[in-house]
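Reviewing the structure listed below.
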Protein chains: 2
Amino acid sequence: MRLSTKGRYAVTAMLDLALNSGNGPVTLADISVNQGISLSYLEQLFAALRAKQLVRGIRGPGGGYYLGKGSDQISIADIICAVDEWVEFTRCGGRENCRGGERCLTHTLWDQLSDEIFTFLSEISLADLVERGQRKARHEEPLTAQPLNGGKQRAA
Amino acid sequence: MRLSTKGRYAVTAMLDLALNSGNGPVTLADISVNQGISLSYLEQLFAALRAKQLVRGIRGPGGGYYLGKGSDQISIADIICAVDEWVEFTRCGGRENCRGGERCLTHTLWDQLSDEIFTFLSEISLADLVERGQRKARHEEPLTAQPLNGGKQRAA
DNA sequence: GCTATACCCGAGTGCGTTGGTCGGGAACCG
DNA sequence: CGGTTCCCGACCAACGCACTCGGGTATAGC
């Protein structure tokens with residue numbers, strides 16, 4: 001799992017889409033202005049998102065983008081994996097032959113951790129985030145205080 | 001929160017330390033060999049870790065590194081923050097003045113998510129990982145053999 | 001059909017990070 | 001002392017990120 005500004009851009013752009021797709025498709029130009037991301041860079045990100053069916057593009061005037069599926073069907077992990085393409089690290093089966101024992105143990109432990117982070121992000125959907133944001137707007141409560149989906153305990 | 005190869009190196013190195021510090025301090029040379037990380041790069045990482053009191057260095061022959069506190073007192077988030085120094089993004093209170101409403105909402109949602117990931121990693125300690133690995137070692141045979149996350153073809 | 005809109009695509013670029021090198025210290029031990 | 005090992009700073013090649021540029025192509029409205 002990798003977590004960079006690229007993934008953040010993708011997630012916030014998708015959030016923008018989820019929030020605005022009520023009335024017709026959303027143009028990249030709009031998102032560009034809203035999020036302060038360059039248009040061409042957005043096009044690259046959305047090319048990746050489209051390849052993974054996470055968004056659907058409508059060409060021509062009045063066109064734009066829709067979400068590819070329901071916002072509850074799209075997880076944060078989906079989005080990040082789409083743009084960051086999941087570099088496969090520490091799977092010792094590759095060039096580095098673990099000399100049995102120790103080294104491989106640490107790699108394995110890291111893999112476990114990596115997997116847990118992935119699972120964690122898989123369980124949060126766009127809809128979750130949006131719904132939480134709206135709840136916050138209603139109650140006016142600090143966001144960091146309340147843990148969200150109850151599924152946060154790493155189930156191992 | 002940022003999650004890159006740098007953080008991974010730091011975490012695996014700290015795991016190495018946690019596993020081996022039973023009999024005396026561990027030298028960076030050992031970790032370098034075990035983990036396949038260059039000695040000089042390790043020194044850079046450990047300079048950051050030492051600054052945050054996560055490790056304690058012993059100079060001279062027979063020297064090396066100890067953990068700075070108990071392995072149950074050191075979280076994964078601590079380690080990653082020490083080496084990646086937590087670039088604070090999207091806190092709109094900075095240079096980007098959110099034009100009220102929308103844009104700030106997506107930023108807020110991302111911040112929430114970021115906080116959650118951080119909390120998640122804060123709740124996993126080195127001791128947790130080690131203990132989990134040992135439990136696994138008792139029950140099953142080689143750690144490398146079994147794909148622990150069900151393959152890796154994640155949601156693609 | 002024309003044309004404007006907006007998606008689509010690929011090559012290229014400045015820059016910061018990554019991972020590493022080199023050289024020289026400072027503390028410690030026999 | 002002399003060797004070991006941590007400590008520190010400067011420097012560097014390669015890479016990925018974020019972005020730009022310059023074209024396309026499909027569609028809607030006229």
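As the structure is a computational prediction, the values presented were derived from the model and not from experiment. Throughout, a chain's letter reflects where its sequence line sits, starting with A, and its residues are numbered from 1. These numbers come from the heavy atoms of this one structure, side chains and all, not from hydrogens, waters or symmetry mates.
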Review point. How would you list, by chain and number, every residue that makes a side chain to side chain contact (heavy atoms under 4.5 Å, CB included) with A:Y41, sequence neighbours excluded?
Key: A:K6, A:Y9, A:I37, A:S38, A:Q44, A:L45
Review point. Does OP1 or OP2 of C:dC8 have a side-chain N or O of A:R50 closer than 4.0 Å?
Key: yes
Review point. Is the backbone N or O of B:L28 less than 3.5 Å from a side-chain atom of B:S32, with the two atoms forming a donor-acceptor pair by type?
Key: no
Check your understanding: Between atom CG in A:L49 and atom C1' in C:dC7, what is the gap in whole Å?
Key -> 14 Å
Study note, to complete from the structure: A:R8 atom CZ is separated from D:dC17 atom P, nearest whole Å, by 14 Å
Review point. By side-chain hydrogen bond (donor to acceptor under 3.5 Å, both in side chains), which residues pair with B:T27, not counting sequence neighbours?
Key: B:D30
Review point. Does a nitrogen or oxygen in the side chain of A:T27 sit under 4.0 Å from OP1 or OP2 of C:dT5?
Key: no
Exercise for review: Could you check whether A:F46 gets within reach of a base, just the sugar-phosphate, or nothing at all, counting any heavy atom under 4.0 Å?
Suggested key: nothing
Review point. If you look only at pairs with a residue in residues 54-76 of chain B, which of them pass as a side chain to side chain donor-acceptor pair (under 3.5 Å), with sequence neighbours excluded?
Key: B:S75-B:D78
Exercise for review: Using atom CZ of B:R56 as one end and atom P of D:dC7 as the other, report the distance to the nearest whole Å.
Suggested key: 11 Å
**Study point:** Sequence-distant partners of B:I117, side chain to side chain contact (heavy atoms under 4.5 Å, CB included), two or more places apart
**Key:** A:L3, A:F120, A:L121, B:M1, B:L113, B:L121
**Study point:** B:S4 side-chain N/O to C:dT18 phosphate OP1/OP2 under 4.0 Å
**Key:** yes
Study note, to complete from the structure: So the ring-ring contact (aromatic ring centres under 6.0 Å, His included) pairs with at least one residue in residues 10-34 of chain B (sequence neighbours excluded) are none
Check your understanding: When you check every protein heavy atom under 4.0 Å of nucleotides 20-30 of chain C, what one-letter string (B, S, -) results, 5' to 3'?
Key -> BBB--BBBBS-
Point to revise | Distance in angstrom units between B:L17 CG and D:dC6 P, rounded | key: 11 Å
Practice item. Whole angstrom is fine here: how far is it from CG in B:L28 over to C1' in D:dC8? Key: 13 Å
